[in-house]
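Data first, discussion second: the structure below is written as structure tokens.
In listed order, ligands and their atoms are each counted from 1. Hydrogens, waters and symmetry mates play no part in the numbers below; they use all other heavy atoms, side chains included.
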Amino acid sequence: MSDLKNDRFLKALMRQPVDRTPVWMMRQAGRYLPEYRAVRSQAGDFMSLCKNTELACEVTLQPLERYEMDAAILFSDILTIPDAMGLGLYFETGEGPKFRKPVRTAADIEGLQVINTASDLAYVTDAVSMIRRELNGRVPLIGFSGSPWTLATYMIEGQSSRDFARAKTMLYTQPELMHQLLDKLALSVIDYLNAQIRAGAQAVQIFDTWGGALSHAAYAEFSLAYMQKIVAGLIRHYDGRDVPVILFTKGGGQWLEAMADTGCQALGLDWSTDIAAAKRRVGDRVALQGNMDPAVLRADAATIEHQVDAILAGFGGGPGHVFNLGHGITPDIDPDNVKVFIDAVHKFSKKY
Ligand code: CP3
């Protein structure tokens with residue numbers, strides 16, 4: 001078992017007391033950092049960066065060199081799974097992800113194989129092992145995957161989408177086909193996250209970025225049910241520690257009770273939910289992670305500090321808060337403003 005010098009993040013996820021609120025940021029290794037842009041151009045493109053173990057490790061650690069964050073997150077992407085399934089992922093500059101072979105028909109879905117991480121995605125677990133070694137117990141490492149529904153939207157649309165026209169058409173006209181796809185994805189995610197845990201990930205987060213685009217009933221049937229299946233299939237205790245699971249459904253504020261029922265340890269909140277209300281609803285069952293609007297980071301220092309303090313005050317006293325943004329940091333943010341943000345969490349959280 002490794003010695004963790006800073007276990008605030010893991011403790012808070014398990015709703016144990018900590019000296020101050022731990023903080024990390026979704027997309028903390030990314031384009032707002034000039035040193036990230038330098039390494040990405042050295043790698044050539046984004047996927048080459050993900051597949052280069054040493055460079056993926058290097059960019060994972062970059063934000064920790066600048067800021068006092070309480071966790072590192074594996075540098076990779078959620079779309080590695082569909083890429084490993086043979087869909088041919090590529091990124092066109094400024095346009096986001098694309099697939100050469102999207103899945104559209106019953107034959108496409110029947111032809112998909114559940115991934116085997118050890119043989120298909122060894123570059124991901126290699127990166128996890130190397131990052132753990134390099135971190136040397138400084139802070140815990142978070143592994144992650146997309147939710148089956150979120151992955152399915154990219155696989156069916158073939159790219160990012162505003163309305164998910166093709167994915168929702170399949171959901172409403174061929175629901176059994178959609179379930180077949182989601183089943184294969186859930187089994188793949190279980191294998192993928194368990195492999196990350198065995199390689200050294202000390203907590204895992206499931207990114208359900210597009211769950212909030214579903215109707216109330218469709219969310220339960222096509223997104224939450226599969227996340228529940230994943231939570232039930234994950235290794236929950238490894239290397240002498242609990243391995244907490246964080247579920248993040250963007251736009252999922254109305255479903256917090258149902259999300260907590262999956263047996264996860266923590267819920268990621270986007271900024272549209274009032275954290276005080278969320279705590280009243282589920283705070284005795286799960287930890288809460290979030291939830292400052294990333295747009296606040298475009299404001300002046302006093303505004304950033306005020307917004308941080310308001311969220312800390314909203315959560316109030318007691319265990320179970322991990323500070324984060326409500327979604328990923330955007331590339332236009334000034335790195336100095338991130339320092340103001342992280343330092344403000346440290347400074348103000350001691351009083352709660
Ligand atoms: O948080 C971290 O620092 C870890 C790394 C991470 C990335 N993607 C790196 C990345 C994580 C956790 C993700 C998850 C991810 N990827 C999600 C779910 C999280 C979310 O934001 O809701 C989604 C939907 C994707 C798919 C994806 N990957 C998109 C839509 C894009 C384009 C985004 C954009 O802003 O252009 C990516 C590319 C991507 N993934 C980048 C990074 C740093 C930017 C790529 C680059 O360097 O050009």
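Considering both main-chain and side-chain atoms, Ile73 never comes within under 3.5 Å of ligand 1 through any nitrogen or oxygen pair. The shortest N or O to N or O distance between His327 and ligand 1 is below 3.5 Å. Between Asp77 and ligand 1, at least one N/O pair is under 3.5 Å apart. Residue-to-ligand polar distances place Gln28 within reach of ligand 1: an N/O pair is separated by less than 3.5 Å. Residue contacts with ligand 1: Arg31 is placed with a nitrogen or oxygen under 3.5 Å of a nitrogen or oxygen of the ligand (distance criterion only). Here's the thing with Tyr36: one of its N/O atoms is less than 3.5 angstrom from an N/O atom of ligand 1.
Residues Met26 and Gln205 have side chains in contact (heavy-atom distance under 4.5 Å, counting atoms from C-beta outward).
Of all the heavy atoms of Met26, the ones lying under 4.0 Å from any atom of ligand 1 belong exclusively to the backbone. Here Leu74 has backbone heavy atoms under 4.0 Å from ligand 1, and that is the only part of it that gets that close. Only the backbone of Ser76 comes within 4.0 Å of ligand 1, counting heavy atoms alone; no side-chain atom from C-beta on gets that close.
Not a single heavy atom of Gly146 sits under 4.0 Å from any atom of ligand 1.
Around CD of Glu54, the count of heavy atoms belonging to other residues, nucleotides or ligands within 6.0 Å does not exceed 12.
Nearest protein neighbour of atom 18 (C) of ligand 1, counting heavy atoms only, is Thr209 OG1, 3.2 Å.
Taking every heavy atom of Pro97 and a limit of under 4.0 angstrom, the matching atoms of ligand 1 come to 29 (C), 30 (C), 31 (C), 32 (C). Taking a cut-off of under 4.0 Å to the non-hydrogen atoms of Phe207, the atoms of ligand 1 that pass are 12 (C), 18 (C), 19 (C).
Using the six-membered ring where Trp is involved, His179 and Phe222 have ring planes that are parallel, under 30° apart on the 30 and 60° scheme.
Residues passing the ring-ring contact (aromatic ring centres under 6.0 Å, His included) test with Phe99, sequence neighbours excluded: none. When the salt bridge (Lys or Arg N to Asp or Glu O under 4.0 Å) test is applied to Asp284, no partner is found at least two apart in sequence or on another chain.
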